[in-house]
Amino acid sequence: VAYEAHVEAGLALMNFDIPKAEKLCKSAIETIGKQLGDCNLIMINTLNDYAIVHHVKRQFKLGDSLVSKSLKCGQGLFVENDMRIMAAHNMIGAFSDDRGYSRKAVRHYRAALAIMEDNGLKDTYDYARILNNLANALYDEGGALNAIEILQQSIAITEHSDDYKNNLINAYYNIANMFYSIGYRNK
């Protein structure tokens, strides 16, 4: 029943039915907690889904609290370079970046990238996508030149990926804006 509750909540979120997803996530967390305890893989995934719900609803403190609880639980269950921990760091980075907390976003994007490197995933599309996100956060902190170098790395990886178009478009768009903003009009 716990897993079914998680799946139902996830499907509602995927269909962008936020009110239904919120209700189902809350119910799933209660069910999972009663049946399996407060710290397990199903709970982690449901907490992340619930965090997304609250982020979409602009209820940032609650969303942050949920994803932080998910990260803490994951750190207790898995080795430090587990991809589920990487996903939590990436989510915290995205939530932070979206709200203008660039320094916090940079810290979590770097943690996510380090885990991917530890797992031999440095030349993947997902790694390139997180590099793109890191570059945007660094740019927001005032590090345009560093951000441009990171975007160039993202582009180099993305050009060799099978699933590249969206990241490549975003990376080129971001790099053009960064060059323009620092005065390189003809690059």
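Along the sequence shown, residues carry numbers from 1.
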If you round to the nearest 0.5 Å, how far is [atom2] of [Y] from [atom1] of [X]?
| X | Y | atom1 | atom2 | value |
| --- | --- | --- | --- | --- |
| Lys20 | Leu13 | NZ | CG | 12.0 Å |
| Asn146 | Ile150 | CG | CD1 | 4.5 Å |
| Arg107 | Leu134 | CZ | CG | 13.0 Å |
| Leu131 | Tyr109 | CG | OH | 11.5 Å |

Could you tell me whether the side chain of [Y] reaches within less than 4.5 Å of the side chain of [X], counting heavy atoms only?
| X | Y | answer |
| --- | --- | --- |
| Pro19 | Asp17 | yes |
| Ile157 | Thr124 | no |
| Leu138 | Arg110 | yes |
| Leu77 | Leu41 | no |
| Val56 | Phe16 | yes |

Any pair counted as disulfide bond (SG atoms under 2.5 Å apart), so long as it reaches residues 51-142, sequence neighbours left out: Cys39-Cys73
Where is the tightest heavy-atom contact between [X] and [Y], given as atom of each residue plus distance?
| X | Y | result |
| --- | --- | --- |
| Ala51 | Gly63 | CB-O, 3.4 Å |
| Asp82 | Ile115 | O-CG2, 3.6 Å |
| Tyr127 | Met116 | N-CE, 3.5 Å |
| Ala21 | Val53 | CB-CG2, 3.8 Å |
| Glu141 | Ser102 | CG-CB, 3.4 Å |

Return yes if some donor-acceptor pair links the side-chain N/O of Asn119 with the main-chain N/O of Leu121 below 3.5 Å, else return no. no
For residues 30-53, which residue pairs qualify under ring pair (Phe, Tyr, Trp, His ring centres under 6.0 Å), counting only residues two or more places apart or in two chains? Tyr50-His54
Should [X] and [Y] be counted in the same cluster of Ile, Leu, Val, Met, Phe, Trp and Tyr side chains packed under 4.5 Å apart?
| X | Y | result |
| --- | --- | --- |
| Leu36 | Tyr3 | yes |
| Leu24 | Ile32 | no |
| Tyr101 | Val106 | no |

Could you go step by step and tell me if Gln59 and Asp64 meet the side-chain contact (heavy atoms from CB on, under 4.5 Å) rule? CA-CA 9 Å; Gln59 296 171 338; Asp64 286 353; over 6 Å; no
Please report, to 0.1 Å, the donor-acceptor pairs under 3.5 Å made by any side chain of residues 85-96, with sequence neighbours excluded.
{"residue": "His89", "atom": "ND1", "partner": "His108", "partner atom": "ND1", "Å": "2.9"}
{"residue": "Ser96", "atom": "OG", "partner": "Ile92", "partner atom": "O", "Å": "2.8"}

Given Leu71, Ile52, Ile29, Asp38, the one that forms side chain to side chain contact (heavy atoms under 4.5 Å, CB included) with Leu47: Ile29
Ionic contact status for Arg129 with Asp126, cut-off 4.0 Å: yes
In plain terms, say whether Asp140 and Arg103 are close enough for a salt bridge, that is, a side-chain N and a carboxylate O under 4.0 Å apart. no
Can you sort out the partners of Asp97 under salt bridge (Lys or Arg N to Asp or Glu O under 4.0 Å), two or more places apart, ordered by chain and number? none
In Asn45, Thr46, Asp49, Asn48, the residue satisfying side-chain hydrogen bond (donor to acceptor under 3.5 Å, both in side chains) with Ser70 is Asn48
With sequence neighbours excluded, residues passing side chain to side chain donor-acceptor pair (under 3.5 Å) with Lys23: none
Under the ring pair (Phe, Tyr, Trp, His ring centres under 6.0 Å) test, which residues partner His6, sequence neighbours left out? none
